[in-house]
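Chain A is the first sequence line, chain B the second, and so forth, proteins listed ahead of strands; every chain is numbered from 1.
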Amino acid sequence: MRPPPAAAAPASRLNDHLIARSTPSFKKVALPVKIATWNVNSIRQREGHVLSWLERNQPDILLLQEIKCETAAFPAQAFAKLGYQAEAVGQKAYNGVAVLSRVPFEVTQRTLPGLPPDDAQARYIEIRALNTIIGNLYLPNGNSGGEAGYAYKLGWMEHLAQHAASLLAAGEDLILAGDYNVCPTEEDYAPGALPPEDALLRPETRARFRSLLWLGLTDAVRAMRPSGQIYTFWDYQAGAWPRDRGLRIDHALLSSRMAERLIEALPDRMERDQPQPSDHVPVIISFEP
DNA sequence: ATGTCTTCCCGCGGAAGA
């Protein structure tokens, strides 16, 4: 409940500062910057989930993957009502990424630099907000399309590393977040949740993920919790969620200054218990302002 | 490996991708 306006309140030296903090005309107390990433597995199926989650969690920026709709079909108006501006890069049926932000931003990329110009897969959007470059990525799964499909994944990761290197060389503060489709270590998937030859954990996949870390990027979730089972995805099949047979494949990598500001980074596990959930849950990262 | 979900279409069920 909002306290009465300052003018109507009895003058009290003791609680003046409390009134000031909660009165809109005064400058807000600086709150942590809250950024989240979420593979929603179709925004049209999950619009209600996202709206409800935004209201409950109040992130400054939410990065979405697998919106599975064309750019023009993204339901931007629904999010505008909650104060979030939307920018989407979509395609028919598959893939697709979008940014929702309640802070001002500009789009800096709509595709991953370095990919062939005829690459039509909607997997990357990047913005500048809060003096930070924020890349939202949906990395190829790599299990379909045979060896060519897997080679596409590896190539994509190499272009991502090159792009990250050039941003860091330019001195940018950087967050690269999204669905990486990579289990970085043996701790990052439940025993039996994946066959040993799966593209999410092949050695070549992990080597390319490590090459991102070697640029000086920090895995936000592991910076807060260096070991232990932490998952962000549970397959719809075979009772993966009730058995907690999950994967940690949604990540946020941070440049050094962002890592210094890191307060917390954690998946919102309970979102997986919603009716008709996405198979991924949001990962929330908080920074000192 | 598959007990599911989402999309598309030449649909009225099945393929493909995850």
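Formation of a donor-acceptor pair under 3.5 Å by the Tyr124(A) side chain with backbone atoms of Val89(A) is not found in this model. Proximity of a side-chain donor or acceptor of Arg261(A) to a complementary backbone N or O of Glu288(A) within less than 3.5 Å is detected.
Of the residues in residues 190-209 of chain A, those lying under 4.0 Å from DNA chain B by heavy-atom distance are Gly192(A), Ala193(A). Residues from residues 139-155 of chain A with heavy atoms under 4.0 angstrom of DNA chain B, sorted by number: Asn141(A), Ser144(A).
Contact annotation for Ala93(A): backbone-only contact, meaning every heavy-atom pair under 4.0 Å involves sugar-phosphate atoms and none involves a base. Heavy atoms of Gln237(A) sit under 4.0 angstrom from at least one base atom.
dG3(B) and dA15(B) have their P atoms separated by 15 Å, with the value rounded to a whole Å. Comparing the C1' positions of dG11(B) and dA16(B) gives an interatomic distance of 15 Å, to the nearest angstrom. Comparing dG13(B) with dT2(B), their P atoms sit 25 Å apart, to the nearest whole Å.
In terms of heavy atoms, Pro267(A) sits closest to Thr232(A) at CG-CG2, 3.9 Å. When all heavy atoms are compared, the tightest approach of Arg110(A) to Glu87(A) is NH1-OE2, 2.9 Å.
Side chains of Thr108(A) and Glu126(A): a donor-acceptor N/O pair is present below 3.5 angstrom, by distance only. One side chain, Tyr236(A) or Asn41(A), offers a donor N or O that lies under 3.5 Å from an acceptor on the other. Counting only N and O atoms by type, the side chains of Trp241(A) and Asp273(A) include a donor and acceptor under 3.5 Å apart.
Put simply, chain A comes within 4.0 Å of DNA chain B, heavy atom to any atom, from dA1(B) to dA18(B), going 5' to 3'.
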For a quick test of your reading: what N or O donor-acceptor pairs under 3.5 Å do the side chains of residues 207-218 of chain A make, sequence neighbours left out?
from      : atom 1 : to        : atom 2 : distance (Å)
Arg208(A) : NE     : Glu158(A) : OE2    : 2.7
Arg208(A) : NH1    : Glu204(A) : O      : 3.0
Arg208(A) : NH2    : Glu158(A) : OE2    : 3.1
Ser211(A) : OG     : Arg208(A) : O      : 2.7

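Partners of Arg123(A) under the salt bridge (Lys or Arg N to Asp or Glu O under 4.0 Å) rule, at least two apart in sequence or in another chain, do not exist in this structure.
Residues in residues 265-289 of chain A take part in these ring pair (Phe, Tyr, Trp, His ring centres under 6.0 Å) pairs, two or more places apart or across chains: Phe233(A)-His280(A).
Nearest-nucleotide assignment on DNA chain B puts the 5′-proximal partner with Ala238(A), out of His280(A) and Ala238(A). Where Tyr94(A) and Arg243(A) each meet DNA chain B at their nearest nucleotide, the meeting point lying more 5' is that of Arg243(A).
A salt bridge does not link Glu47(A) to Lys81(A): none of the charged side-chain nitrogens sits closer than 4.0 Å to a carboxylate oxygen.
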